[in-house]
Structure formats: structure tokens, C-alpha cells
Amino acid sequence: MTSCVFCKIVASQSPAEIVHQDNRVTAFRDFQPVAPTHILIVPNRHIESVNNLESGDEALIGYMFSVAKELAARENIHENGYRLIINTGVDGGQSVFHLHLHLLGGQHMRNPIG
Ligand code: AMP
């Protein structure tokens, strides 16, 4: 989608610190990090939100979590733990309407969420 900033990052048309890219997903550092590690994992294909997932996307979603796990290990936050978040829609706090999984770590996360 031409106006989508995450599509532009996937296509290398907008700058970002990409930490992983393959034929299904791209992961890059959030430009306004809220934790020492704050990485966004996005499908390369434009999917607006969880609401727009289609049958057949289950493997893609599972793969996003797999990449998050690998990146957590690479960032050395896997043993202490980390938080994975997918905000969905306005009430969910979604501000960029291209599905993304936040990987947050490197500090003790505050609770309660919400
Ligand atoms: P959300 O509020 O769940 O939609 O999260 C969107 C996230 O994308 C926020 O944490 C933003 O800081 C981040 N973000 C927006 N634009 C960019 C960008 N161009 N590069 C990196 N991170 C971005």
C-alpha cells in the first residue's frame, strides 16, 4: 500500500533500523522506543490489523512469534523475559494500520496492562 509507512520500510523506501527481513516478515527498531529493546515485527504483505486476517494467515502469525523469539534471544532478553503486544484498532491503541507485533524487553515491565 503506497501510503503505508510500514510498507515503505518493508520496501526500503523509508529509513529504519532493520534487524531481520525475509520473504514473509520484516523486523525493525521502533523509532520511539519505550524499552531498551523495542522491535516491531510486521508482515511484508499489507494487513491492516488483526481484524483483517484471513483464513490461511495462521502460519504467518505463528511465524511472527517465532521471529520474535529468535530476536529476543539475539537481544539477550530471552532469559529475563519480554512482552509481546499487538494493538488492534483505536481502542486497542493502534496508531499505524499495518499489523505489527511489538517486542519489548530489557527492563521489568509495568502492570497492569491497560
Ligand atoms: P501502535 O501504536 O501499536 O500502532 O504502534 C506503532 C508503533 O510504530 C509506535 O510505537 C511508533 O513509535 C512506531 N513507528 C511509527 N512510525 C515508525 C517508523 N517510521 N519507524 C519506526 N517505528 C515507527
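Note that ligands are numbered from 1 as they come in the structure, with each ligand's atoms numbered from 1 the same way.
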| said: Just so I know, are the side chains of Val42 and Leu99 near enough to count as touching, which here means a heavy-atom distance under 4.5 Å? | reply: no
| field | Structural part of Ile9 in contact with ligand 1, heavy atom criterion under 4.0 angstrom | value | side chain
| message | Please compare Phe6, Phe97, Phe31 and report which has the shortest non-hydrogen distance to atom 8 (O) of ligand 1. | response | Phe6
| ligand 1 and Gln94, any nitrogen or oxygen pair closer than 3.5 angstrom? | no
| request: Do me a favour and list the nearest non-hydrogen protein atom to atom 1 (P) of ligand 1 with residue, atom name and distance? | output: His100 NE2, 3.1 Å
| request: Examine Phe28 against ligand 1 and note whether any of their N/O atoms are separated by less than 3.5 Å. | output: no
| remark: In ligand 1, the atoms that come under 4.0 Å of a heavy atom of Ser95 are 1 (P), 2 (O), 4 (O), 5 (O), 6 (C)
| message | List ligand 1 atoms under 4.0 Å from Arg29, heavy atoms only on the residue side. | response | 21 (C)
| Check: Arg45 and Leu60 side chains under 4.5 Å, non-hydrogen atoms | yes
| query | Where the closest heavy atom to atom 9 (C) of ligand 1 is concerned, which of Leu104, Val5, Asp30 has it? | reply | Asp30
| said: Heavy atoms only, cut-off 4.0 Å: how does Leu40 contact ligand 1, side chain, backbone, both, or neither? | reply: side chain
| request: Using a strict cut-off of 4.0 Å, indicate which atoms of ligand 1 neighbour a heavy atom of Gly93. | output: 1 (P), 2 (O), 3 (O)
| request: Return a yes/no value for His38: is any of its N or O atoms, backbone included, closer than 3.5 angstrom to an N or O of ligand 1? | output: no
| Derivation and outcome, side chain to side chain contact (heavy atoms under 4.5 Å, CB included), residues His102 and His38 | CA-CA 7 Å; His102 293 257; His38 188 172; 2.8 Å; yes
